[in-house]
Structure formats: C-alpha cells, structure tokens
Protein chains: 2
Amino acid sequence: MQRAPEHLRFAVLAADVALFTIRDKKLYVRLMRVNRPPHFPDTSGLPGGLIREDETAEMAATRILAERGHIDASKVYIEQLATFSEVTRDPRSRVVAVAYLALVPWETLSSIEQSDSDEAFWQLVERAPKLAYDHDHVLRNAHERLRSRISYSTLICKIVPKEFTLSELQAAYESLRGEFLDKRNFRKKMDMLDVLTPLKKKRTGVRARPALLYRFTSPKVLITPQL
Amino acid sequence: MQRAPEHLRFAVLAADVALFTIRDKKLYVRLMRVNRPPHFPDTSGLPGGLIREDETAEMAATRILAERGHIDASKVYIEQLATFSEVTRDPRSRVVAVAYLALVPWETLSSIEQSDSDEAFWQLVERAPKLAYDHDHVLRNAHERLRSRISYSTLICKIVPKEFTLSELQAAYESLRGEFLDKRNFRKKMDMLDVLTPLKKKRTGVRARPALLYRFTSPKVLITPQL
DNA sequence: CCAAAAGTGTTTTTCCTACACCCATGT
DNA sequence: ACATGGGTGTAGGAAAAACACTTTTGG
C-alpha cells in the first residue's frame with residue numbers, strides 16, 4: 001500500500017494502556033518508570049509506545065503491554081477507551097494516542113508478572129502519583145469507565161479469577177465501586193442475573209466454613225440490568 | 001515543535017462525523033456523496049477529512065462538519081465515539097480515523113443547512129444505504145451509542161430544540177428508542193428526574209389545546225437513573 | 001470450644017406498569 | 001359543534017432495601 005504525501009503525516013500514533021487488577025481486595029494499575037528530562041524527569045506513566053505500520057491500535061496495545069509492561073497479553077482483556085490528540089500532549093513532537101482499558105485477574109499472573117521490576121510496577125490506584133504526559137487524565141478516564149461499565153455488564157468477569165466464591169466476587173464489586181454491599185441482596189441479585197454457574201467444588205483450606213465455587217457461565221461481557 | 005522521524009509517521013489522521021438530527025419525528029444522519037473510483041464509485045459516506053497539524057481531532061471534526069457537511073458547528077454537540085485503525089480501512093493509504101458522534105436540533109438549522117446539496121444531504125437512518133470505507137460500521141456504532149446513552153443521561157437535550165412540549169420530548173425519545181412510551185408514565189418520570197424547567201409560555205397556533213413549554217434546566221449532559 | 005466466614009427469608013418501601021377521561025383551543 | 005392533542009391519578013405487581021441468626025470448618 002502507498003503512503004500518503006509526507007506533509008500530511010505530521011503525527012506519530014501511540015497506544016497507551018491502563019491495565020487494572022485486583023490484589024488483596026484493592027484495585028491496582030500497571031505503571032512504568034519514566035525518566036525523560038527535561039519535561040518528565042523521575043516520574044511514572046502508563047505503559048505506552050508507538051503503533052507500527054502493520055498493526056492496528058489494538059494490536060499495538062497488546063504488544064506494548066507485553067514488551068514494556070512485561071505482562072503476557074493473552075491473559076488480558078482489552079477494549080478501546082478514547083483517543084487523546086491534544087497538540088502539545090507530548091512536548092517533543094506531535095503524538096496522538098489511542099488509549100485502552102485493560103483488565104487481568106491477579107491470580108493468572110506469573111510471579112514475575114506480579115512482582116515489580118526496574119521498569120514496570122503495580123500501583124494502588126487510590127495512591128497513584130502524578131503521571132507524565134496526560135496519563136493522569138487517561139487513568140481517571142479509564143477508572144471512571146471501569147466503575148461505570150461494571151454496573152450494567154459482566155465486565156467484572158475479566159478481572160476476577162476463573163473460579164471464585166460469592167464473597168470474593170462481592171469483594172471485587174466493592175473494590176471497584178468503593179462502597180459496601182449487602183451480602184443477602186448481592187446473592188439474590190446474582191441469582192436473578194443468571195450469569196453464574198455453581199461448580200461442584202468448594203474453597204477449602206481456610207479456617208472457616210468452605211464456600212461453594214462459581215464461574216461465569218459465558219466468557220463474554222454481557223449487558224445486564226443494573227446491578 | 002519538532003516532527004518525529006519520517007519513517008515513524010506512516011499514517012494520516014482523519015476525523016469522521018456521524019451527525020444526527022430529528023425531523024418530523026424521524027432520525028436522520030448527515031451524509032456526503034462519495035465518488036472515488038475504483039474502490040468507491042457513486043456511493044455515500046459520513047462527512048470526514050484529514051486532521052491538520054495545529055488541530056486536535058475534535059477541532060478537525062467540527063471544522064469538517066462546517067466545510068464539507070455545510071453545517072454551522074457552533075450549533076452542534078459533539079463527542080468522541082471511537083478510533084478506527086484497521087490497516088486496510090482505506091485502500092489507498094494508511095488512514096486512522098477518529099470518529100465523532102454529533103447531534104443538532106433540526107429547528108436550529110438554517111434553511112440552507114436543512115436542504116440537500118450536491119455534496120451533502122440528510123438521510124433517514126433506517127433507510128441508510130451501504131456506505132464507503134468502514135462508515136457502515138461507524139454509523140451503526142454511533143447509532144447504538146446514541147440509543148444507549150439516551151437511556152441514562154440527558155443527552156437528548158442536544159437534539160431537541162431549546163423549548164419544547166412534553167409531547168415533543170416524548171416523540172424524540174420514541175424516535176431514538178424505536179418504541180412507544182406511555183404518556184402518563186413518561187411525564188411522571190420526567191417530573192421525578194427533575195431536569196426540566198417549565199416556562200411561562202405555551203405552544204400556540206395549533207388546532208388543539210395549547211401545551212406548556214419546557215426547557216432543560218442545565219445545558220450539560222447529566223447522568224440520570226435509567227429512563 | 002472458639003474464631004471465622006458461609007449461607008439463608010421475610011418485611012417494608014419504592015418504583016414500574018397498565019389504563020381512561022375531561023380540557024382548552026382552532027376551524 | 002367537533003376535531004385535535006393536552007393534561008391528569010390510581011391500583012396492583014415487581015423489584016430493591018433493610019435486617020440477624022445458624023452452620024461448617026480449621027486451629
């Protein structure tokens with residue numbers, strides 16, 4: 001395929017990814033260490049990088065998550081969030097970034113993926129520092145979208161492990177919504193939504209009554225009536 | 001500002017706009033005549049064009065709506081929809097398009113804007129023909145987003161005129177949702193949402209009892225409980 | 001036997017739905 | 001006077017919210 005005339009191609013395209021997980025009932029986001037004086041010395045940012053000529057933005061997002069975020073993208077759910085095209089969002093040159101919202105269950109990550117490296121690390125969302133570029137904006141946007149989509153879809157199935165107890169699922173909802181729910185009403189609602197399949201196993205080894213395990217009947221993100 | 005190295009700038013950036021209005025209780029979209037043999041001879045598409053170096057994608061979208069769609073963009077509400085980056089979505093060269101959802105009240109359009117020209121015209125959404133590029137996809141996406149956002153926000157305020165009767169507002173909801181609503185329940189709901197201000201005027205000149213006029217209390221798009 | 005989390009129903013209140021008649025005006 | 005759309009209330013059913021105790025296991 002031909003390229004358009006050079007003067008029309010003034011911008012480079014980037015993909016930025018806000019990858020969330022839940023660990024110990026708290027919401028974390030994957031960040032990179034950024035050190036790009038003079039504008040961004042010793043700061044942090046979302047995993048991001050340039051889109052290549054033979055890639056869609058989404059392909060680039062998953063590749064970048066692997067290459068820079070050190071996360072096996074085959075475990076990760078990803079969906080487009082928004083495109084950020086402010087002329088000066090990167091002070092060095094014109095960069096238009098397509099941002100992605102990504103989710104991964106903590107339990108599917110390898111111990112290397114779980115641990116922090118010199119380049120990438122997991123950060124509690126509620127304690128996130130100021131980020132480079134417009135990544136604060138992107139992160140807020142992603143967090144807001146996540147909270148809102150959780151309420152009328154089964155998107156949460158992409159951030160909890162394959163098998164879970166109802167209490168664990170409830171805790172995930174609570175982390176994301178930032179409010180506590182009533183146990184009995186929560187179970188009634190889940191029962192009505194009819195999206196969970198009970199397994200024949202129980203969560204054992206805890207110093208308490210063993211809880212029945214469930215999984216989402218469909219791996220797809222389904223639109224539901226409001227939780 | 002500097003430009004990035006030439007080889008990284010393989011794509012051009014475009015903005016495409018799905019502009020909707022309601023006319024005579026039916027939903028219309030603004031289309032352009034497209035005649036670009038060999039790939040797209042004698043067809044139609046959404047208003048679209050290239051983003052310029054000193055513009056954000058949104059600025060480009062409003063400019064294109066004016067220049068190509070012949071619509072005064074100051075009357076138009078616009079919000080980002082999604083970015084389409086399929087490698088071959090334009091067969092001539094790599095084009096990444098940021099798509100916008102736009103709304104305008106039919107009543108605020110001038111008679112020139114209301115009428116069709118050689119370049120641009122209004123098309124009933126339910127009778128929309130096959131479109132060039134991936135604009136079918138974009139249009140379906142925009143229509144779906146519009147239907148869904150109408151149900152839990154006051155987005156509809158951007159497609160109805162400043163002043164309207166409750167019956168007119170109900171008709172707008174019905175056009176967008178494709179189903180009829182109960183008059184008394186609709187009025188009760190609107191009353192509860194508490195987003196409308198009754199005016200001291202009535203719609204006169206019609207061969208029936210004059211109806212009280214209302215306007216949206218806030219020009220902002222507010223999140224509401226589900227209609 | 002004690003600590004810890006699992007599991008389970010009922011009542012009250014709120015919201016949703018269905019439904020039919022009189023009113024004010026223009027012709 | 002009549003045709004046209006404007007405007008209003010109620011009753012029944014469904015869903016949401018509030019609320020506390022018994023069960024099962026591991027230590």
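Here is how names work: the chains are called A, B, and so on, in the same order as the sequence lines, proteins then strands, and each is numbered from 1.
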Starting at [atom1] of [X] and ending at [atom2] of [N], how long is that distance when rounded to a whole Å?
X        : N      : atom1 : atom2 : result
B/Phe186 : D/dT8  : CZ    : C1'   : 16 Å
A/Asp194 : D/dA15 : CG    : P     : 14 Å
A/Arg203 : C/dA6  : CZ    : P     : 10 Å
B/Leu213 : D/dG6  : CG    : P     : 11 Å
A/Asp191 : D/dA16 : CG    : P     : 13 Å
A/Leu212 : C/dG7  : CG    : C1'   : 10 Å
A/Leu193 : D/dA15 : CG    : C1'   : 12 Å

Taking 4.0 Å as the cut-off, does a side-chain nitrogen or oxygen of A/Lys188 come that near to OP1 or OP2 on D/dA16?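 Indeed not, no polar side-chain atom of A/Lys188 lies that close.
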Please check the phosphate of C/dG7 (OP1 and OP2 only) for any side-chain N or O of A/Arg187 closer than 4.0 Å.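 For C/dG7, OP1 or OP2 has a side-chain N or O of A/Arg187 closer than 4.0 Å.
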Please confirm whether the ring centroid of [X] lies under 6.0 Å from the ring centroid of [Y].
X        : Y        : result
B/Phe180 : B/Phe186 : no
B/Tyr152 : A/Tyr152 : yes
A/Phe164 : A/Phe216 : yes

Contact pattern, 5' to 3', of nucleotides 20-27 of chain D - B, S or - by protein heavy atom under 4.0 Å: B--BBBBS
Is atom [atom1] of [X] surrounded by more than 12 heavy atoms (other residues, nucleotides or ligands) closer than 6.0 Å?
X        : atom1 : answer
A/Lys75  : NZ    : yes
B/Asn35  : CG    : yes
A/Arg187 : CZ    : yes
B/Ile112 : CD1   : no
A/Glu86  : CD    : no

Is A/Thr62 close to A/Ser74 at the side-chain level, that is, under 4.5 Å between some pair of heavy atoms?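 No - every pair of side-chain heavy atoms lies 4.5 Å or more apart.
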Test A/Leu46 against every option in A/Asp136, A/Ile64, A/Leu31, A/Val17 by the side chain to side chain contact (heavy atoms under 4.5 Å, CB included) rule and name the one that passes.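 Between A/Leu46 and the candidates, side chain to side chain contact (heavy atoms under 4.5 Å, CB included) is satisfied uniquely by A/Leu31.
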Of B/Asp182 and B/Leu227, the one whose closest DNA chain C nucleotide lies more 5':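 The residue whose closest nucleotide sits nearer the 5' end is B/Leu227.
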DNA chain C stem ranges, 3 or more consecutive Watson-Crick or G-U pairs under 3.5 angstrom: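 Result, WC/G-U stems under 3.5 Å: C:1-15 with D:13-27, C:17-21 with D:7-11, C:23-27 with D:1-5.
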Any side-chain to backbone donor/acceptor pair from B/Asp24 onto B/Lys26? Under 3.5 Å, distance only.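 Pair absent, no side-chain N/O of B/Asp24 close to backbone of B/Lys26.
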Closest to the B/Asn185 side chain, choosing from C/dT17, D/dA16, D/dG7: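 Nearest listed nucleotide: C/dT17.
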Tell me which residues in residues 161-181 of chain A lie within less than 4.0 Å of DNA chain C, going by non-hydrogen atoms.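 Correct list: A/Ser167.
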